[in-house]
**Q** 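I'd like to ask some things about the structure below.
Reminder, nothing fancy here: chain letters follow the sequence lines and each chain counts from 1.
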Amino acid sequence: MNIFVCVKRVPDTSEAIVKVDDSGKGVDNSKFSFDINEADNYAVEEAMLLKEAKGGNVQVVCAGTQDADVMIRMALAKGGDSAIRIDDPRINVIDPLQVAKVLAAAIKGKEFDLVLTGCMANDDGNMAVGVALAEELGVPHAAMVKKVEAGEGTVKVHRELEGGVSEVVEMDLPAVITIQTGINEPRYAPIRGIRQAQKKELSVLKLDDLGVAPEDVGEDTSLIALENFYIPEVESKAEIIEGEPEEKAVILAEKMVKGGLL
Amino acid sequence: MGNVYVLAEHRQGELREVTLEMLTKAAAVAGQTGGEVVAVLLGSGVDSYAEKLGGFSDRVLYVDDPLFADYNSEKYQKALAALIQEYKPELMMIGHTTQGVDLAPALAVELKLPFIPDVIDINVEDGKLKPVRQYYQGKVNANFAFKGEPPYLITFREASLEVGEPAKSGGVEKIDSPLKEDIAYRRFIEYVEAEVGDVDITQSEILVAVGRGVKEDKNMPLIEELAAVMKADICGSRAAIDAGWLGHDRQVGTSGKTVKPKLYIAIGISGAFQHLAGMKGAKTIVAINKDPDAPIFTEADFGIVDDLFKVIPKLTEKLKELKG
């Protein structure tokens, strides 16, 4: 079973203060730590599990700058066979359909059974690239998948729906699956794997190498435009309890007990 | 011109709430563009939904066909592609739901539509639609514009607004199915219901909820001790369930349970919109998180901005004292 797994490098903003930069269309990311997108990490693990069960190879695909190489090498260390990084500043990363076009160009024409992506990137939250990629490749897809059972020429997946219900869907291969977090337990890369990963092939390509006309995936031809970022006004009615940590705890305890909340 | 179309979403005998939310927003937008609100319903024997949609729409286009008995994005895509080309809406709205995200991006590619996902609001400026969306899990908003010609396509985030009263009386038009045959390459098999656990958190009066900030499984006893003194049940955000600290039956949010306890204490939960949607009906919400910008504080009644590992032990101790 030959698998492509698409990964993205994203900032961890879960506890960070986010400020809009001077362009008004980006954020100051100088203080963020970056790593593989959470759902993509689960997609990498799922690719490894499928490879271990069914044989074949796993190729990692990423649109990003050289900064992404550490993350890509980690995926190779876990058992990926080779990687392609498309490094081209002309790609309009704001538009998920254009990003999908770029990834499709890297995969099209190659033999594959499955393409796995994370179902959502934690930075832009689009939840769109994987499904758009399937359409570009002309293959079926299923989004937000929490279980994958590969058969012969088919794949059965459980899509996670609202309210904890799953929808079981079967598709003909090849297909694209977008992976939901929690589907597996992502492994740590073994030391031996990390050493081996340094020797594995990581091709860095430009749009021209993929035969993609830069204007087709650039801002000028995008059908959507980001006008500006702004920090939303937080409409909080919360009474914020002040003091030293232990004082805050005491005040909260008293509020809960005396306020009849407990 | 200016017509706003909304794809009705339904599953397992239920018209999903996001449909009415979208129709409510669509009415506000169409009010400014001078267009009509049109609901599109693909289903099998769901006349009652069509009727209900009429209360929120100027027209209801209803395809009644056994091929649409269960959702299948590939079938929906074929049908919607044909309908969009025939009716040429200004804007087509699809829910940013597990159905919508499985459908809209592929539809956009097929028809080369200007497409913006996960829209939380739509402004109209000089007759032009300006969708608003979020980045960095709610920390930054972005104003977007469409380029090129309509039809425009968006997915609209669920639980972004309150549903209005039914104020329209659109007629239901049954139309021929644009889908002439079944799709072979993707097959719906079945629904699998959620696991049932030992505790039904939808019935809990007091909930202690944990998230990513709790960091490791070995920190859970700290939470369990607090829950014990509060006589609370423990639940969590997706991060806590993905990490294996709690079972799936304890997940609060759109992909888990919707809870309405008297008291909800969110510990180390930043408050992704999927989580907020599942707990904002709680009567009193307390949030403890070290990030002052965490969206959880928008729903909280009481907040502590601090390191939970310093706050929780003292909180447990003090509660023991007060209740002992």
**Q** For B/D293, is it the side chain, the backbone, both, or neither that has a heavy atom closer than 4.5 Å to a heavy atom of chain A?
**A**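 For B/D293, side-chain heavy atoms alone lie under 4.5 Å from chain A.
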**Q** Does any backbone or side-chain atom of B/D291 lie under 4.5 Å from a heavy atom of chain A? Answer side chain, backbone, both or neither.
**A**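 The answer is the side chain of B/D291.
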**Q** Please look at B/Q137 and chain A and tell me whether the side chain, the backbone, both or neither of the residue comes under 4.5 angstrom of a heavy atom of that chain.
**A** both
**Q** Under 6.0 Å from the six-membered ring centre of B/Y71 and within 45° of its axis: does the NZ or CZ of B/R11 meet both?
**A**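 No, cation not above the ring by the 6.0 Å, 45° rule.
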**Q** May I ask you to decide if B/H10's main-chain N or O and B/Q99's side chain share a donor-acceptor pair within less than 3.5 Å?
**A** yes
**Q** Can you tell which part of B/T97 gets under 4.5 Å to a heavy atom of chain A, answering side chain, backbone, both or neither?
**A**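 B/T97 touches chain A through backbone and side-chain heavy atoms alike.
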**Q** B/K257, B/K310, B/E190: which one forms the most heavy-atom pairs within less than 4.5 Å of chain A?
**A**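 Most heavy-atom pairs under 4.5 Å with chain A: B/E190.
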**Q** What part of B/I285 gets within 4.5 angstrom of chain A, counting heavy atoms only: side chain, backbone, both, or neither?
**A**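 Neither part, no heavy atoms under 4.5 Å.
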**Q** Side chain, backbone, both or neither: which part of B/E158 has a non-hydrogen atom closer than 4.5 Å to chain A?
**A** side chain
**Q** Please classify the contact between B/L113 and chain A as side chain, backbone, both or neither, with a heavy-atom cut-off of under 4.5 Å.
**A**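 The backbone, not the side chain.
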**Q** Looking at CZ of A/R159 and OG1 of A/T178, how far apart are the two atoms once the value is rounded to the nearest 0.5 Å?
**A** 8.0 Å
**Q** Measuring from atom CD of B/Q77 to atom NZ of B/K75, what distance do you get when rounded to the nearest 0.5 angstrom?
**A** 13.5 Å
**Q** Under a 3.5 Å threshold, yes or no: a donor from one side chain and an acceptor from the other, between A/E45 and A/N184?
**A**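 Absent: no donor and acceptor within the cut-off.
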**Q** Determine the option with the most heavy-atom pairs under 4.5 angstrom with chain A, choosing from B/S270, B/A287, B/G256.
**A** B/G256
**Q** B/Y135 ring centre to B/R133 NZ or CZ under 6.0 Å, with the angle to the axis within 45°?
**A** yes
**Q** Could you tell me whether A/E185 atom CD has more than 12 heavy atoms of other residues or ligands within 6.0 Å of it?
**A** no
**Q** Heavy-atom distance under 4.5 Å to chain A: side chain of B/E299, backbone, both or neither?
**A** backbone
**Q** Starting at NZ of B/K320, measure out to CG of B/L315 and round the result to the nearest 0.5 Å.
**A** 11.0 Å
**Q** Answer yes or no: does atom NZ of B/K262 have more than 12 heavy-atom neighbours from other residues, nucleotides or ligands under 6.0 Å?
**A**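 No, NZ of B/K262 has 12 or fewer neighbouring heavy atoms, counting only those of other groups under 6.0 Å.
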**Q** Please classify the contact between B/N143 and chain A as side chain, backbone, both or neither, with a heavy-atom cut-off of under 4.5 Å.
**A** both
**Q** How many angstroms lie between atom CZ of B/R238 and atom NE2 of B/H248, to the nearest 0.5 angstrom?
**A**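 Interatomic distance, B/R238 CZ to B/H248 NE2, rounded to 0.5 Å: 7.5 Å.
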**Q** Under 4.5 Å between any side-chain heavy atoms of B/F144 and A/I94, yes or no?
**A** yes
**Q** Using a cut-off of under 4.5 Å on heavy-atom pairs, state which of B/K139, B/R16, B/E205 scores highest against chain A.
**A**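 Maximum pair count with chain A is reached by B/K139.
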**Q** Identify which part of A/E235 has an atom lying under 4.5 Å from any heavy atom of chain B, answering side chain, backbone, both or neither.
**A** backbone
**Q** Which residues in residues 122-140 of chain A have any heavy atom lying under 4.5 Å from a heavy atom of chain B?
**A**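 Listed by number: A/N122, A/D123, A/D124, A/G125, A/N126, A/M127, A/A128, A/V131, A/A132, A/E135, A/E136, A/P140.
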**Q** Would you tell me whether A/K78 and A/N41 have side-chain atoms, one donor and one acceptor, within less than 3.5 Å of each other?
**A** yes
**Q** Do you know which two heavy atoms are closest between B/A104 and B/T155, and how far apart they sit?
**A**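 Minimum heavy-atom separation between B/A104 and B/T155: CB-CG2, 3.4 Å.
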**Q** Minimum heavy-atom separation for B/F297 to B/I304, with atom names?
**A** CZ-O, 3.8 Å
**Q** Which bit of A/K19 comes within less than 4.5 Å of chain B, counting heavy atoms only: side chain, backbone, both or neither?
**A** neither
**Q** Is the number of heavy atoms from other residues, nucleotides or ligands within 6.0 Å of CG (A/D67) greater than 12?
**A**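 Atom CG in A/D67 is packed in, count exceeds 12.
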**Q** Do B/L222 and B/T316 have side chains that get closer than 4.5 Å, going by heavy atoms?
**A**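 No. Closest side-chain heavy atoms not under 4.5 Å.
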**Q** Can you say whether B/T298 sits under 4.5 Å from chain A via the side chain, the backbone, both, or neither, judging by heavy atoms?
**A** both
**Q** Heavy-atom distance under 4.5 Å to chain A: side chain of B/I241, backbone, both or neither?
**A**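 When you check distances to chain A, no heavy atom of B/I241 falls under 4.5 Å.
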**Q** Which one of A/N228, A/V250, A/L97 has the most heavy-atom pairs closer than 4.5 Å to chain B?
**A** A/N228
**Q** Could you tell me which portion of B/K290 (side chain, backbone, both or neither) has an atom closer than 4.5 angstrom to a non-hydrogen atom of chain A?
**A**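 Contact with chain A involves the side chain of B/K290 alone.
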**Q** Sort B/A184 into side chain, backbone, both or neither according to what part of it lies under 4.5 angstrom from a heavy atom of chain A.
**A**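 Backbone only.
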**Q** What part of A/D220 lies closer than 4.5 angstrom to a heavy atom of chain B: side chain, backbone, both or neither?
**A**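 Interface part for A/D220: backbone (N, CA, C, O).
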**Q** Sort B/K231 into side chain, backbone, both or neither according to what part of it lies under 4.5 angstrom from a heavy atom of chain A.
**A**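 For B/K231, there is no contact with chain A at all, as no heavy atom is under 4.5 Å.
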**Q** Would you mind checking which part of A/K146 comes under 4.5 Å of any heavy atom in chain B, side chain (CB onward), backbone (N, CA, C, O), both or neither?
**A**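 Interface part for A/K146: side chain.
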